[in-house]
Number of protein chains: 2
Amino acid sequence: MPVKAGERLDPEATKARILAAAAEVFTRRGIHAAGINEVAEAAGASKLTIYKNFGSKDGLIEAVLTDRTHRVRAWHNHAVEQAAPGRDRILAVFDLIASWYAEAGFRGCAMMNAATEDRGQDGAPRRLAADHLAFYRDLFARLLTEVGVRDPGTTARQLVVVLEGATLISAVERDPGLGAEARVIVETLLDAA
Amino acid sequence: MPVKAGERLDPEATKARILAAAAEVFTRRGIHAAGINEVAEAAGASKLTIYKNFGSKDGLIEAVLTDRTHRVRAWHNHAVEQAAPGRDRILAVFDLIASWYAEAGFRGCAMMNAATEDRGQDGAPRRLAADHLAFYRDLFARLLTEVGVRDPGTTARQLVVVLEGATLISAVERDPGLGAEARVIVETLLDAA
DNA sequence: GACTGATAGTACCGATCGTTCTTATCTTGT
DNA sequence: ACAAGATAAGAACGATCGGTACTATCAGTC
């Protein structure tokens with residue numbers, strides 16, 4: 001048995017490697033459908049290491065989703081700061097998601113997918129999905145306040161509906177064109193706000 | 001072992017009973033998470049009968065989704081015909097889904113949920129989900145043509161984005177209020193179209 | 001150079017999965 | 001009365017699941 005263990009002894013790197021592999025496998029195959037063995041193989045890790053680091057499959061799922069939502073938030077915050085203040089900052093969010101839809105292997109929003117797979121359960125996935133939606137709502141509300149709309153909270157919720165609707169349909173139909181469509185809807189809603 | 005088999009010998013009724021039970025279990029627990037045993041128990045049917053009627057779990061899933069999309073289509077077609085011609089017919093669709101969100105046990109759109117659970121796969125769920133979206137698109141396009149908007153196809157796609165976005169968020173957040181929110185968005189889009 | 005800690009690989013466990021099969025019971029048609 | 005067909009109940013099967021245990025191998029430390 002050729003074994004070459006202990007190759008990378010940085011625990012943090014190992015953990016990150018498992019997280020990245022799990023995110024990829026969960027996205028591509030679905031959380032329920034993917035097994036721990038599959039994640040372990042994709043990560044080049046043993047199941048022992050996965051359970052040492054994350055305790056259980058649910059722990060791994062929660063860690064993957066938490067990591068994902070933080071990355072997405074940082075991603076949007078950065079893109080918004082890059083854009084010129086005003087209406088462009090709102091549209092920058094939708095430009096970003098339009099490019100996301102066009103990525104190979106795009107399968108929709110990981111948080112919404114996980115919450116959907118869980119249906120009735122009130123576990124971490126649903127909580128993280130709700131938090132994720134709240135992030136978008138707060139981000140939009142802040143940007144809408146900057147441009148001086150009358151009711152930022154209401155319009156922000158509208159934009160979240162458009163964002164998630166376009167994301168879902170783009171994933172189901174494999175159509176990156178939803179990004180452009182969402183942008184048009186958003187411009188209409190901003191004009192009316 | 002008290003056994004009372006052969007009680008209802010109407011094969012069609014048995015099939016319908018299994019379909020209804022499977023739809024309920026799949027909705028409440030998720031398609032992957034629910035097992036055939038669970039469906040059989042909920043239906044008061046044996047696994048033999050399920051496999052005789054539907055061949056496999058995939059066959060049952062496809063039958064449940066097909067039945068569901070046909071019911072939803074009939075439901076919307078009927079509601080639209082009841083409403084006065086014109087803009088009200090479009091809003092009637094969203095009034096209907098608003099009441100749907102408020103139903104106990106609402107868990108979102110069965111077709112989108114099934115397609116989401118399946119992720120990458122190109123099986124029946126994804127095809128049925130795409131067909132379901134196409135139905136909404138065609139329905140809206142027809143109603144929008146009636147009210148004489150400039151580009152019915154484009155606006156129809158926008159309304160589908162709003163419908164599915166509101167449905168997804170309402171399911172994740174357990175908030176029936178998304179129905180009213182969707183209606184406001186739709187009115188704005190109609191005003192601009 | 002022995003010790004320690006992290007790891008890969010793998011066998012293993014009980015549970016559950018989808019699926020098939022057997023048996024007994026019931027209804028219907030003759 | 002009896003045969004035929006449908007069904008419920010549930011045992012059984014192989015596969016796979018989440019999770020654990022064991023072993024061998026490596027890097028770094030003393």
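As the structure is a computational prediction, the values presented were derived from the model and not from experiment. Naming convention: chains lettered A, B, ... in sequence-line order (proteins, then strands); numbering from 1 in each chain.
- For the pair A/Lys52 NZ and D/dG19 P, the computed distance is 16 Å after rounding to whole Å.
- To the nearest 0.5 Å, atom CD of residue B/Glu103 and atom CD1 of residue B/Ile97 are 12.0 Å apart.
- Going from atom CG of A/Asp88 over to atom CG of A/Leu143 covers 11.0 Å, rounded to the nearest 0.5 Å.
- Side-chain nitrogen and oxygen atoms of A/Arg17 include at least one within less than 4.0 Å of the OP1 or OP2 phosphate oxygen of C/dA8.
- Side-chain nitrogen and oxygen atoms of A/Thr14 include at least one within less than 4.0 Å of the OP1 or OP2 phosphate oxygen of C/dT7.
- Taking a 4.0 Å limit (strictly below) on heavy-atom distances, residues 31-38 of chain A reaches DNA chain D at A/Ala34, A/Gly35, A/Ile36.
- Within the 4.0 angstrom heavy-atom criterion, no nucleotide atom of any strand lies near A/Ala40.
- Of the residues in residues 54-64 of chain A, A/Ser56, A/Lys57 come within less than 4.0 Å of DNA chain D through at least one heavy atom, sorted by number.
- Note: A/Arg183 CZ to A/Leu91 CG = 4.5 Å, rounded to the nearest 0.5 Å.
- Geometrically, B/Lys15 engages B/Phe54 in a cation-pi contact, judged by NZ or CZ lying under 6.0 Å from the ring centre and within 45° of the ring axis.
- Contact check for B/Cys109 versus B/Trp100: side-chain heavy atoms found under the 4.5 Å cut-off.
- Comparing atom distances between the B/Ser46 side chain and each of C/dT7, D/dA9, C/dA8 picks out D/dA9 as nearest.
- Ring pair B/Phe94/B/Phe140: centre-to-centre distance below 6.0 Å.
- Checked for salt-bridge contact, B/Glu173 and A/Arg137 meet the test: a charged N lies under 4.0 Å from a carboxylate O.
- The side chain of B/Leu48 approaches D/dT7 more closely than any other nucleotide in the set D/dT7, D/dG19, C/dT7.
- When side chains are defined from C-beta on, B/Leu65 does not count as touching B/Phe26, because their heavy atoms never get closer than 4.5 Å.
- A/Ile50 places its CD1 atom 12 Å from the C1' atom of C/dT7, with the value rounded to the nearest Å.
- When the C1' atom of D/dT7 is taken as reference, atom NZ of B/Lys15 falls 16 Å away, rounded to whole Å.
- In this entry the distance linking OH of A/Tyr51 with C1' of C/dC13 reads 13 Å, nearest Å.
- For B/Lys47, the side-chain atoms get nearest to D/dA12 when compared with the rest of C/dC12, D/dA12, D/dT7.
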Quiz prompt | Audit row: B/Lys47, B/Glu41, salt bridge (Lys or Arg N to Asp or Glu O under 4.0 Å) steps and yes/no | solution = CA-CA 9 Å; B/Lys47 296 199 284 184; B/Glu41 191 176 357; over 6 Å; no
